[in-house]
*Asks:* 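Can you read through this structure? Questions will come right after.
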Amino acid sequence: MNLEQALIQHIAEAIETLYGQPAQSVKLEHTNPDFAGDYTFVVFPLLRISRSTPEATAEAIGNHLKQHAAIVSDFNVVKGFLNLVLKTDIYADFLKSQWNNPQFGQTNLGSGKKVMVEYSSPNTNKPLHLGHVRNNLLGMSVANLYKAAGYEVVMANLVNDRGIHICKSMLAWQKFGNGETPESTGMKGDHLVGKYYVVFENALREETLPTIELAISGKWTPESDNAQTKYTAIYGQLQQATEEKQIAKLKDDIKELVRNQSSLMRETQQMLRDWEAGIPEVINLWQTMNGWVYSGFEKTYARLGVAFDQYYYESNTYKLGKDVVEEGLQKGVFYRKDDGSVWIDLREDGLDEKLVLRGDGTSVYITQDIGTADLKYQEHHVDQSIYVVGNEQDYHFKVLFLIMKKLGRPFANGMHHLSYGMVDLPSGKMKSREGTVVDADDLVQEMVDEAKAKTIELGKTEGLTETQLNQLYESLGLSALKFFILKVDPRKRMLFNPQESIDFQGDTGPFVQYTYARIQSILRSAEGLDWQSTDINTHLLPIEVETIQTLYRYPDEVNKACSDSSPAVIAQYCIDLARTFNRFYNECHIMRETDPIVKNTRLKLAHFTAHTLKHGLNLLGIQVVERM
RNA sequence: GACCUCGUAGCUCAGCUGGAUAGAGCAACUGCCUUCUAAGCAGUAGGUCACAGGUUCGAAUCCUGUCGGGGUCGCCA
């Protein structure tokens, strides 16, 4: 069924026949649109065997193919490029067999294999922001890609529901909250908890401001000896430092030190200890406030259209991994230092020494990740495990995967960090302390409002009910947002400009949706005609062939997107297909065509395109609309 | 300082497992709706692919160095 493979086979045979040597790795490319042909074979690497000029070699292979390969109708040679023209019957046959295939786009790349995609993994002390949006959209879409490629998929969310940051919100609420609840304030739960996180940070800043000034000028006397030692060291460096960057960093260090010595932070740390000790009052407050956050997250998730098969909570998993540390010690993978702390030496692998367990026997971040990796495997026996986490954790995952490998875990090779770039604002990085974060809920609402305004302005939605209209605005707004984010290569950092907002024209989600809606309009006007059962026209126009060729590529694009974990591949493809179809739409009037075979063929092509656009958009988590 | 990563049109991005004259969209300008949805289509203009070397028949793509942006280098997560 795959043309490319068949053609490669033919070329390999041609080379062997002509030059008496087996061809190694024959590669094909799609012919540059400026030249005639479907596929291009570059002959330069063959010159050593053919002992001839590029032109003559290409000519010889071309002739051989034309005689022996049934699918090749013609060829032309430009320098060392052999452009092969395939018979148009092939495209007509493809259209005939696939135009109404509801499974088109589903592949078997991963059939029989199971993969876990862990994404979202929020902290429960504040609402989601633009950075989380990229994470969530990527995770959801990558899970869709794996499903489309035939994998069984488990979508997991590892919720960071414990720790010092949550205690900050809790403490601030306790001190300043006056018993506020989501019900009493009408605030979404995650926003209410986030509000108290900000309250905490503000109170902390107020408390520490005078001390920080003292400390920076060298006049601070910390209460604890430990802090005194650190302070003396940093302040000493500060006095020596000349470089501006270094000075700023040392000042930040001092700031951090002062903050950690503040009474507010000490109270927070005490609260964390109380939580770990299971003091009922603290546990109750923790449960209550996390409950608020979860109900808020649920709404955001639902609106974004993301979902999970399994939730893990760090309050349950944070103690995992200690027994694995023991195992690692016995295997000699880890070693213990005099103070009792446990380490792994990764210097031979180009990394560093890494702590895996504190001297007092408590876990660090990586300890629980080691344990959780085992837990995931025990529960699901996945062949692959994808972690959708920002690229600031590249090093962490490098270390984690290496440790799992050294521990001899069979699943270690299937672990993959989908490391995505940060989302920048025109002002630079988002910083919660400076209040420059873009809130996820606000962002979605703005997009939907914008979609509504644009739709009303164009005035093409007469006859739709109120409910249908709201669904339309929701779909268009989210489509613009999702497409904007997903069309960029996940690995790269990207820029988001809220001022200019997101366009609805050009390379956008609504553009692809529009193409789909147009086709639906045509198909509606063809209702009542029997266009489905007639023959396919084999005398296709160039633009028709081009559209079919684009459709033909789709399953390969799905596989590529899946193996690259890159929804951007699908987004770019959707633009390509939509643009190609729109050109066809412009050149060929479907319903006005008088020849019934030609007309019906075009209807099938339109139907096929609509199916594929819908499939692609769905992979991106975008819903299609029938009218817009 | 060490390591990782990015640098393509005014702006946002494709192209990167080496192949032909480096592509889209936005912004600017010009056309196309008595015909299936103009959220569309066609066209004009816009490039030392950061810079310098190297490998190769061939480099935006691979290697080295320089410059610039970002990240990491916690017994934080």
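Within every chain, numbering begins at 1; the chains are lettered A, B, ... in the order of the sequence lines, protein sequences first and strands thereafter. Just so you know, these numbers use all the heavy atoms, side chains as well, and skip hydrogens, waters and symmetry mates.
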*Asks:* With sequence neighbours excluded, tell me which residues meet ring pair (Phe, Tyr, Trp, His ring centres under 6.0 Å) with A:W275.
*Replies:* A:W286, A:Y318

*Asks:* Any chance you could list the contact pattern along nucleotides 72-77 of chain B? Use B for base contacts, S for sugar-phosphate-only contacts and - for none, protein heavy atoms under 4.0 Å, 5' to 3'.
*Replies:* S--BSB

*Asks:* Holding to salt bridge (Lys or Arg N to Asp or Glu O under 4.0 Å), I want the full list of residues that pass it with A:K560, two or more places apart in sequence or in another chain.
*Replies:* A:D564

*Asks:* Where does RNA chain B form stems of at least three consecutive Watson-Crick or G-U wobble pairs, each pair having both distances below 3.5 Å?
*Replies:* B:1-7 with B:67-73, B:10-13 with B:23-26, B:28-32 with B:40-44, B:50-54 with B:62-66

*Asks:* List, with names and distances, any nitrogen or oxygen atoms from the protein found under 3.5 Å away from nitrogen or oxygen atoms belonging to nucleotides 19-23 of chain B.
*Replies:*
| unit_1 | atom_1 | unit_2 | atom_2 | d |
| --- | --- | --- | --- | --- |
| B:A20 | N6 | A:T40 | OG1 | 2.8 |
| B:A20 | N6 | A:N83 | OD1 | 2.9 |
| B:A20 | N1 | A:N83 | OD1 | 3.3 |
| B:A20 | N1 | A:N83 | ND2 | 3.3 |

*Asks:* Which residues pass the salt bridge (Lys or Arg N to Asp or Glu O under 4.0 Å) test with A:R491, not counting sequence neighbours?
*Replies:* A:D489

*Asks:* Taking only residues two or more places apart in sequence, or in another chain, which ones meet A:Y365 in a ring pair (Phe, Tyr, Trp, His ring centres under 6.0 Å)?
*Replies:* A:H396

*Asks:* Going by the rule ring pair (Phe, Tyr, Trp, His ring centres under 6.0 Å), which residues pair with A:F75 if we only count those two or more places apart in sequence or in a different chain?
*Replies:* none

*Asks:* Taking salt bridge (Lys or Arg N to Asp or Glu O under 4.0 Å) as the definition, give me every residue that meets it alongside A:D503, ordered by chain and number, with sequence neighbours left out.
*Replies:* none

*Asks:* Find every protein N or O atom lying less than 3.5 Å from an N or O atom of nucleotides 11-17 of chain B, and list the pairs.
*Replies:*
| unit_1 | atom_1 | unit_2 | atom_2 | d |
| --- | --- | --- | --- | --- |
| B:C13 | OP1 | A:L495 | N | 2.6 |
| B:A14 | OP1 | A:D489 | N | 2.6 |
| B:A14 | OP2 | A:K492 | NZ | 3.3 |
| B:C16 | N4 | A:K492 | NZ | 2.9 |

*Asks:* My understanding is that only residues two or more places apart in sequence, or in another chain, count here; which of them pass ring pair (Phe, Tyr, Trp, His ring centres under 6.0 Å) with A:F511?
*Replies:* none

*Asks:* A:R583: which residues meet the salt bridge (Lys or Arg N to Asp or Glu O under 4.0 Å) condition with it, sequence neighbours left out?
*Replies:* A:E546

